[in-house]
Peer 1: 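Submitted below is the structure of interest, expressed as structure tokens.
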Amino acid sequence: MFSIDLLRDAVVLGVLLGCFYAAVSIGLSISFGLLDVPQVAHPAFLVLASYGVYLLNDRYDIDPLLAGLMLAPLFFALGIITYRIYYETFERRGSDAAVRGIAFFFGVAFIIEVLIIVQFGVDQRSVTAPYIGKAWRFGDLRIPIRQLVAFAVAMGLTVLLAAYLSKTFMGRAIRAVAQDEEGLRLMGADPIRVKQVAFGIATAVVAVAGALLIVVAPVEPTLDRVYIGRTFCVVVMAGLGSISGTLIAAIILGVAESIVLTLFGASWAPAISFALLLGVLAVRPQGLLGR
Amino acid sequence: MQRRSIAFWLGAVVFLAAMLAMTQLVRNEYPFFAGYVILQFVVLAVAWTILGGYAGYVNFGTNAFFGVGVYTAVLLVKAFGAPLPVQIATAAVVGSLLGLGVGLLTLRMRGIFFSIATIALAIIIETSITNFRFVGGAAGIQLQRPPVTAPFDSYVKMLFFVQALLVVIAVAITRGIQNSRIGRGLHALRDDELAAECTGVPTLRLKLLACVISGALMAAAGAPAAMYLQYANPDSAFNLNYSVSVLAMALIGGTAHWIGPVLGAILLGATQQLLAVTISSEVNVLVLGVMLVLFVVAAPKGVIGLVQRQPKRRGGSK
Amino acid sequence: MNRRLLLGWAAAITLLGLMPAARAEEPPIRIGMSMPQTGGLAGGGKASLLGIEIWRDDINARGGLLGRKVELVVYDDKSSASETPAIYAKLLDIDKVDLLFAPYATVPTAPIMPLVKQRGLLLMGNFSFQVNSKVHHDMWFNNAPWGPADSWATGFLTLGQKAGGKTMALLSADQEFAQNLATTARDVAKKLDLNVVFDQAYPPSLAEFSSIVRAMNATKPDIVFVASYPPDSAAILRAVNEIGVGDNVRIFGGAMVGLQFAAVMENLGSLMNGVVNFNTWLPEPSMYFDGTKEFFETYSKRAVEAKVDPLGYYLAPYGYAMGQMVEAAANATKSLDQKGLAKYLHENTMQTIVGPITFAENGEWKESSTLEAQFRGVKDKNVDQFRSPGKQVILFPDRLKTGDLITPFEKARE
Amino acid sequence: MTVPAAPDAPLLRIDALTKSFGGFVALNDVSVQVRKGERFGLIGPNGSGKTTLVHCISGALRPNKGAVIFGGEDVTPLPPNQRSRRGIARSFQIPRPFRSMTVLENLMVALDFAAGRETLESTAHRREAAMSILARIGLAAKAESPTATLTQVELRKMELARAMATGPKLLISDEAMAGLSTSEVDEVLDLLMSLGGDDIAIIMIEHIMQAVMRFSQRVMCLDAGRIIAIGPPAEVMANARVQEAYLGT
């Protein structure tokens, strides 16, 4: 079952899917990639944001993306608090911070899961918006508009974050903190404060990505488990901390998944993306655009 | 040190004798059903600690190794009707090869890459099993138990004892590692990998060794699960809960000493069994989450850290 | 005071005091089960449990079973196969329950089949699928209207063929239930001489179905049989709505789990129009039996408090019916002897709120009552619309039919 | 395994070593030899490539070009632990103790994996050996202390002791005196002087000029990845380019 038309469609849909993956991974690219915080609860925060968006959409009929933006400041604060706790309890005490940090964030993820279940029940939830459930026609190719929204948001986030990290003082400080904490201290910036802000931004981005998550597909409380592998896969494949790498890796993943789904056995799709990751790790351990 | 070894082996013999006596004396089967699960977690947590605790390399893919154990057993039963010891031994071999493979691929890199790779591994293997019709594929497979071997009067009691045997083997191996220079080398590389290398520690070889042993034990612990459930499906065999529970057990118990994961597994395993038959709700998951957070924040050295307030460390081993 | 009188009073008071005590001595009948209350099957599990609880309260209000109060002992199996063996061992060996119900769904049930067979126990199944086909336990009664294994696919595919379908696409989740169904669908397709032009099993965690739907369209099938799970069912319908499936499709749906649950139905709303999907109970005129209406009145009230599915069509009435069957058997045999109960259940037709139930030799329903119904005129964001008849018109089986298939699919969606 | 070196052959020969990070060239065509038992000073401004050179010698970094010949054997492809077994030991600019261990255990790691382990078969023997090194370094009293409780100067000494426990032929001390008080500097310097000798060559990287002058038989100065001067201490200090590199910027 092969035709050029199918391949073309698979690639187009794959690129869009990849952009969606990029959007949900980009926060992790900062928190884990740049700051080295093993944020295993990232997907749980993502789902939490989705439920927040659901609430705003369901009760007050607010557009999901707008709701995501409204949640962003809240998540920024949440990120700052989370990093503070992480720093005080693990990073400062040194030694096996990574191992216990992972366990800590796993615990946080579980607690979030249960809180969502208690509040919203186990059923899946979705939102309504004018762009959900419609498609654009390009000849005989039809593209779901929500996928285009994901594409636009991912592009926007990538461009904005890349610009922020290279153009502003704070952004440069964030990149510097990833490489040379000591040097940053000499520059007169407090690395802990810089990291705190960076983590806040990463979490604020998660709020927007959470909106996208529920726009693209319905969510349920334990959805985060699926995204642990997927988001970390993207970030590691990208090369830690590389924003543009995140976009590229996510698109490669999306296209690979889409092509396998369309042209080969659909049931092999998850294995293909992770085999790709292992392949990249074996050949180029620092990731596609790694430092 | 010699005295300690004698005490340990004496303890192991007493433990096995007690377990055996229990299978002969207790008629009620429930303790064996629940006990089997707890013992299985003891093996997994102890095995996890070799790499995750001593070397500081977090294996997220406990479920991959466990599941591989389960399906090795399924395959052997389906294809050759192989007996239980063969299932377990083969599972251990397959698990060690898997550990070697992942290790070679990722143990050169920083710890977190290894963690991510183990997640990837779990998904790849689960997908492969899902597409492997001979062992039931996604639909799962029901298995028939062969007749039980004397002196046991029920298969579950026998599996319980087998798992107890695996506990002793796993603990003995782990204790051996801890007391040898391998254990000290692993600790050194956990503290500082470059310093360890420059001090002469062959870090890659030690990590690979730890990964291979750990993988073999985890897969061995999974093998009897096929006969315990008499059913296997990819969803249950590769459940992420194994990874998270085992990680939690090791950290709650403490990873500096082999007794840590044993205590952690018993504590958390028993709590989970208890909760499963009492509260029965989301609270179950909540307990795991809260316990994890509480312990890693408030008791960084786990239960053993709480017990021995003043960790009197010695140059030698214990 | 007269001494004799005093004694008499004392005796009377003692008797009075003893009487309730004597009644309490008759211990309650304990029914044990595990039920998924967390994990993927939790939504269905909770609804099913509420149905059983309503039966328990009803029978206790009527004075109990065989004059004894009925008590449920329920544990959470987390939707996982690995939890149930220990739970059922506890139910049997520690709690010493009198009767066993199986948990909702196949996966948690599979590991306990050998156990109950070995101990010779009666087990009432709860919506599992073909779990007894290898174990061959003769005291197993699956409380689900599936009937013969292939009846499910037969219903849907026959409808499709009658509507002029010649080719079939099969899209199934790569999980046990869906795969079992897919297998029967392939067999039935062969029997009906349908050409399978597309056959894909998609992975459980798939986020986006656009590309797979696109690939399916390229094969131009007349009949699209989908065996999917709740999160995917919604995503598939969305993708279908956006990408379209083409005018050639006569009938779409079949075995999409999730379109029976209120939350999903509310979310999808008009997206479901035209889809022909299975169900087990619907508020159509042909589905009301003795007690059905009263059951749903109680259920609607209690579901709100318990935060479970407000409609509860799929599992809840069957939970109640499970109790009714045990009640009928116990009352007829005047005992809880499991062999006797099993014998009765094998030999008789039980009247329940989901209709009369007769079991075949293998413990499945003798005759399938799996409904295939078409969604029609569904509007967005409204749960209560599904309470009135006509929203899901029953097309199959014939004896319960309340309307005819509207075809092709694109037309039925309008 | 090791080819026996000719008596007059250098212990360490660095051959046209080049190491770059991305576009930044940290070491540019560096060649130098260190004799057996020599006390060798390595100086240069910050970022001149000193630590990169140490990393290349100890194996923490692989050079892009060139070779490291130790005891007549090309060790360039070997990982650090293999080089350690052949006799290259080092301390770190920022001390890197094994934090979860005591001082004695830190040394035990080295002895457990050292090349000469065969002569110290039992744990008791090794412990004895560790204690004697600690005594020599002046840390015997701290043997059972966790490394977390050590002062800065004690940490420096512990690192040197740990390096000594590997039984080195070449000891590289990477700024072991940074951040110490004047009296502590003298203490560590005396220690280093006493450790070196017929068998052990020492490369000392240092900013404190008096210490370098007093310690070294030869000094090499790096700037921007290149050798700008090498020779007797006084000569190097007098070199105009060295003066410029140090004072000019």
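These numbers come from a predicted model, not from an experiment. Below, chains carry the letters A, B, ... as their sequence lines are ordered, and counting in each starts from 1. Only this structure's heavy atoms are used, side chains among them; waters, hydrogens and symmetry mates stay out.
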Peer 1: Would you say B/S128 and A/W268 make side-chain contact, with heavy atoms under 4.5 Å?
Peer 2: yes
Peer 1: Quick one: are B/V58 and A/R100 in side-chain contact, heavy atoms under 4.5 Å?
Peer 2: no
Peer 1: So which of A/C233, A/G107, A/A109 has the biggest tally of heavy-atom pairs under 4.5 Å with chain B?
Peer 2: A/G107
Peer 1: Please flag which part of B/T106 lies under 4.5 Å from any non-hydrogen atom of chain A: side chain, backbone, both or neither.
Peer 2: side chain
Peer 1: Using ring centroids (six-membered ring only for Trp), state whether B/F60 and A/F106 fall under 6.0 Å.
Peer 2: yes
Peer 1: Please name the pair of heavy atoms, one in A/A275 and one in B/I124, separated by the smallest distance, quoted to 0.1 Å.
Peer 2: N-CD1, 3.5 Å
Peer 1: Looking only at heavy atoms, which two atoms of A/G229 and B/I119 are closest? And how far apart?
Peer 2: CA-CG2, 3.8 Å
Peer 1: Please look at A/L277 and chain B and tell me whether the side chain, the backbone, both or neither of the residue comes under 4.5 angstrom of a heavy atom of that chain.
Peer 2: side chain
Peer 1: Do B/V244 and A/F110 come close enough that some side-chain heavy atom pair is under 4.5 Å?
Peer 2: yes
Peer 1: To the nearest 0.5 Å, how far apart are CD1 in A/I102 and CG in B/L251?
Peer 2: 9.0 Å
Peer 1: Quick one: which of B/I123, B/I125, B/N131 has the most heavy-atom pairs under 4.5 Å with chain A, could you say?
Peer 2: B/N131
Peer 1: Which heavy atom in B/V293 sits nearest to a heavy atom in A/I111, and how many Å separate them?
Peer 2: CG2-CD1, 4.1 Å
Peer 1: I need the minimum non-hydrogen distance between B/V297 and A/F90, along with the two atoms involved.
Peer 2: CG2-CZ, 4.2 Å
Peer 1: In this structure, are over 12 heavy atoms from other groups packed under 6.0 Å from B/F132 atom CZ?
Peer 2: yes
Peer 1: With the side chain counted from C-beta on, respond yes when A/I272 and B/T127 share a heavy-atom pair under 4.5 Å apart, and no when they do not.
Peer 2: no
Peer 1: Do any of residues 262-271 of chain B have a heavy atom less than 4.5 Å from a heavy atom of chain A, and if so, which, in residue order?
Peer 2: none
Peer 1: Name the option with the most non-hydrogen atom pairs under 4.5 Å to chain B; the candidates are A/L278, A/T89, A/V40, A/V236.
Peer 2: A/L278
Peer 1: Is chain A contacted by the side chain of B/A117, its backbone, both, or neither, given a heavy-atom distance below 4.5 Å?
Peer 2: both
Peer 1: Under 4.5 Å from any heavy atom of chain B, what part of A/F105 do you find: side chain, backbone, both or neither?
Peer 2: neither
Peer 1: Taking side-chain hydrogen bond (donor to acceptor under 3.5 Å, both in side chains) as the test, write out the residues that go with B/R133, two or more places apart.
Peer 2: none
